[in-house]
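Worksheet for the structure shown next.
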Amino acid sequence: MPQKVTWTQKKEDLYIKVNGHFDFNHCLKFLNRNPAECLHRVTTTQFWKVLPLTEQPVLIAAGAHPKGLLVKTLDGSLSPDKASEVIRYVIELFDLTRDLDPFYKQMEADPSLNRVVRSLRGLRLIGIPDLFEALCWSVIGQQINLNFAYNLKRRLVESTGSSLSWNGERYWTFPSPETVLQISDEDFKNWQFSRGKYVYIKGIAEAFVTGTLSKNSLVQMSMEDAYESLLSLKGIGPWSAHYVLMKCLGYSEAYPIQDVGLHNALKYQLNRDEKPSLSELEDLGKRWHPWQGYVTFYLWHTLIT
DNA sequence: CTCCAGGTCCATA
DNA sequence: TATGGACATGGA
């Protein structure tokens with residue numbers, strides 16, 4: 001059962017009350033894990049981002065507040081429609097409707113990972129609410145190290161995305177599918193994308209533009225059907241499909257079993273010399289069901305230096 | 001120099 | 001159905 005989230009508005013401030021476990025600092029640490037991140041900014045106590053809403057982008061600064069989150073919108077007045085869109089986006093971004101009690105109960109019985117999970121209590125799965133962005137990011141991240149991936153994303157976003165300046169800082173949004181389709185292969189090459197990556201990304205953009213693909217249609221399917229739809233896209237394999245199911249479509253049981261980060265984190269946390277085998281990963285996945293995605297995310301968090 | 005990074009596709013047998 | 005190579009680049 002999803003957990004209830006309530007909120008109140010005072011002028012440009014939105015106070016979101018989170019029921020259940022929530023630790024903003026654990027979330028902030030994950031959001032701050034790479035200095036080359038270009039789609040949001042993290043300061044000591046605040047998370048800053050331009051939200052890509054339907055009418056116009058809105059810059060927010062979010063910080064901890066007793067029992068929840070205080071979201072300040074920083075540019076212009078906040079109509080009721082806009083406010084509820086901001087709320088919806090923030091709820092998805094921080095997975096605020098998830099009831100974590102069953103997850104914690106289940107993991108308490110897990111002798112190997114209960115300490116890790118306990119140490120990150122209140123961490124929620126940080127999502128990528130925008131499906132196009134999530135798909136592109138999964139393609140960009142394939143096979144290469146994360147630092148390089150963040151640089152590729154940054155070159156793409158800072159060359160073709162939109163930006164908004166506030167108080168001397170510039171905030172970017174991910175380019176639209178239409179914009180991505182206009183990018184020349186030459187540009188992608190100069191940004192050091194492999195040919196595979198930009199062909200896949202353009203193909204995905206094409207699927208959005210032609211209406212073959214939309215988040216709206218995927219959320220109405222079963223997880224299995226959504227998985228198959230994602231797999232049918234060139235460049236989206238099992239890892240990417242599961243990545244998108246967990247980061248964008250809200251499936252806590254999505255399980256990117258091929259993920260190298262997951263393998264390494266398990267190796268360390270289980271105190272092994274080798275990475276776990278595929279069959280062991282499958283067994284672990286069965287044990288964690290339906291929280292494979294959450295466990296994976298918690299393990300990713302342990303990799304932050 | 002070799003191997004590995006948040007994999008995936010394609011050719012070949 | 002299964003396996004090998006290519007892909008771009010940087011760091012260990």
Side-chain angles (χ1 to χ4, degrees), chain A residues 29-40 123 125-128 130-131 133-157 159 174 183-207 213 227-249 251-252 254-269 272-279 281-282 284-285 288 292-305:
Chain A
K29 182 172 176 186
F30 184 84
L31 287 160
N32 196 34
R33 71 188 171 140
N34 196 295
E37 172 62 63
C38 57
L39 292 173
H40 62 252
L123 171 65
L125 199 158
I126 302 299
I128 304 176
D130 182 85
L131 177 62
E133 179 194 330
L135 283 164
C136 290
W137 179 228
S138 79
V139 169
I140 290 172
Q142 290 166 11
Q143 163 62 18
I144 56 178
N145 67 70
L146 266 184
N147 285 330
F148 185 43
Y150 275 104
N151 282 328
L152 294 182
K153 181 172 82 163
R154 191 155 52 88
R155 292 183 198 121
L156 168 64
V157 168
S159 305
F174 200 77
I183 301 171
S184 69
D185 294 354
E186 197 59 33
D187 281 340
F188 272 118
K189 272 186 206 149
N190 290 334
W191 303 329
Q192 299 178 303
F193 281 61
S194 67
R195 178 159 52 174
K197 282 194 200 302
Y198 66 73
V199 169
Y200 301 151
I201 286 171
K202 282 196 179 182
I204 291 163
E206 181 80 30
L213 177 66
Y227 177 71
E228 293 302 328
S229 295
L230 292 168
L231 264 194
S232 72
L233 297 164
K234 284 279 170 274
I236 301 300
W239 175 83
S240 300
H242 280 278
Y243 180 86
V244 169
L245 287 174
M246 73 181 263
K247 293 279 284 185
C248 182
L249 298 175
Y251 288 103
S252 67
Y255 187 31
I257 198 168
Q258 306 80 356
D259 186 81
V260 174
L262 169 69
H263 302 168
N264 283 326
L266 276 172
K267 179 181 150 187
Y268 301 134
Q269 296 303 326
R272 302 284 180 76
D273 294 326
E274 305 291 336
K275 294 180 195 171
S277 67
L278 181 60
S279 70
L281 286 159
E282 284 168 350
L284 287 167
W288 297 334
Q292 298 94 316
Y294 248 87
V295 175
T296 300
F297 186 75
Y298 271 52
L299 286 168
W300 284 347
H301 197 285
T302 68
L303 295 171
I304 302 172
T305 49

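Any value given below was found using the heavy atoms of this structure, including those in side chains, with hydrogens, waters and symmetry copies removed. Letters A, B, ... are given to chains in the order of the sequence lines, protein chains preceding strands, and every chain is numbered from 1.
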Nucleotide [N], atom [atom2] - distance to [atom1] of [X] in whole Å:
{"X": "A:Leu230", "N": "B:dC9", "atom1": "CG", "atom2": "P", "answer": "12 Å"}
{"X": "A:Asp259", "N": "B:dC4", "atom1": "CG", "atom2": "C1'", "answer": "14 Å"}
{"X": "A:Phe193", "N": "B:dT8", "atom1": "CZ", "atom2": "C1'", "answer": "16 Å"}
{"X": "A:Leu146", "N": "B:dG7", "atom1": "CG", "atom2": "P", "answer": "9 Å"}
{"X": "A:Asn264", "N": "B:dC3", "atom1": "CG", "atom2": "C1'", "answer": "13 Å"}
{"X": "A:Lys197", "N": "B:dA5", "atom1": "NZ", "atom2": "C1'", "answer": "10 Å"}
{"X": "A:Gln142", "N": "B:dC10", "atom1": "CD", "atom2": "P", "answer": "13 Å"}

Determine the contact category for [X]: base if any of its heavy atoms lies under 4.0 Å from a base atom, sugar-phosphate if only primed atoms, P, OP1 or OP2 are that close, otherwise nothing.
{"X": "A:Pro238", "value": "sugar-phosphate"}
{"X": "A:Lys234", "value": "sugar-phosphate"}
{"X": "A:Ile140", "value": "nothing"}
{"X": "A:Leu152", "value": "nothing"}
{"X": "A:Asn34", "value": "nothing"}
{"X": "A:Tyr200", "value": "sugar-phosphate"}

- Within less than 4.0 Å of OP1 or OP2 of B:dG7, is there a side-chain N or O belonging to A:Ser138? no

Calculate, to the nearest 0.5 Å, the distance between atoms [atom1] and [atom2] belonging to [X] and [Y] respectively.
{"X": "A:Tyr150", "Y": "A:Ile144", "atom1": "OH", "atom2": "CD1", "result": "11.5 Å"}
{"X": "A:His242", "Y": "A:Asp259", "atom1": "NE2", "atom2": "CG", "result": "12.0 Å"}
{"X": "A:Tyr227", "Y": "A:Ile236", "atom1": "OH", "atom2": "CD1", "result": "11.0 Å"}

- Kindly assign one of parallel, tilted or perpendicular to the pair A:Trp288 and A:Tyr255, based on the angle between their ring planes and the thresholds 30° and 60°. perpendicular

- Task: Could you check whether the rings of A:Tyr198 and A:Phe188 sit parallel, tilted or perpendicular, using 30° and 60° as the cut-offs?
- Result: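 A:Tyr198 vs A:Phe188 ring planes: parallel.
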
Distances under 3.5 Å only, N/O to N/O: pair up the protein atoms with those of nucleotides 9-12 of chain C.
residue : atom : partner  : partner atom : Å
C:dT9   : OP1  : A:Gln192 : NE2          : 3.3

- Should stems be defined as at least three consecutive Watson-Crick or G-U pairs with both distances under 3.5 angstrom, which of them involve DNA chain C?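 Expected stems, ordered by start: B:2-5 with C:9-12, B:7-13 with C:1-7.
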
- Does the side chain of A:Asp185 reach to within under 4.5 Å of the side chain of A:Lys202, using non-hydrogen atoms? yes

- Query: What distance, rounded to whole Å, do you find between the two P atoms, one in B:dA5 and one in C:dA2?
  - Reply: 24 Å

Polar atom pairs (N or O), protein with nucleotides 2-5 of chain C, under 3.5 Å:
none

- Chi angles and distances behind the side chain to side chain contact (heavy atoms under 4.5 Å, CB included) call for A:Asn151, A:Gln192: CA-CA 9 Å; A:Asn151 282 328; A:Gln192 299 178 303; over 6 Å; no

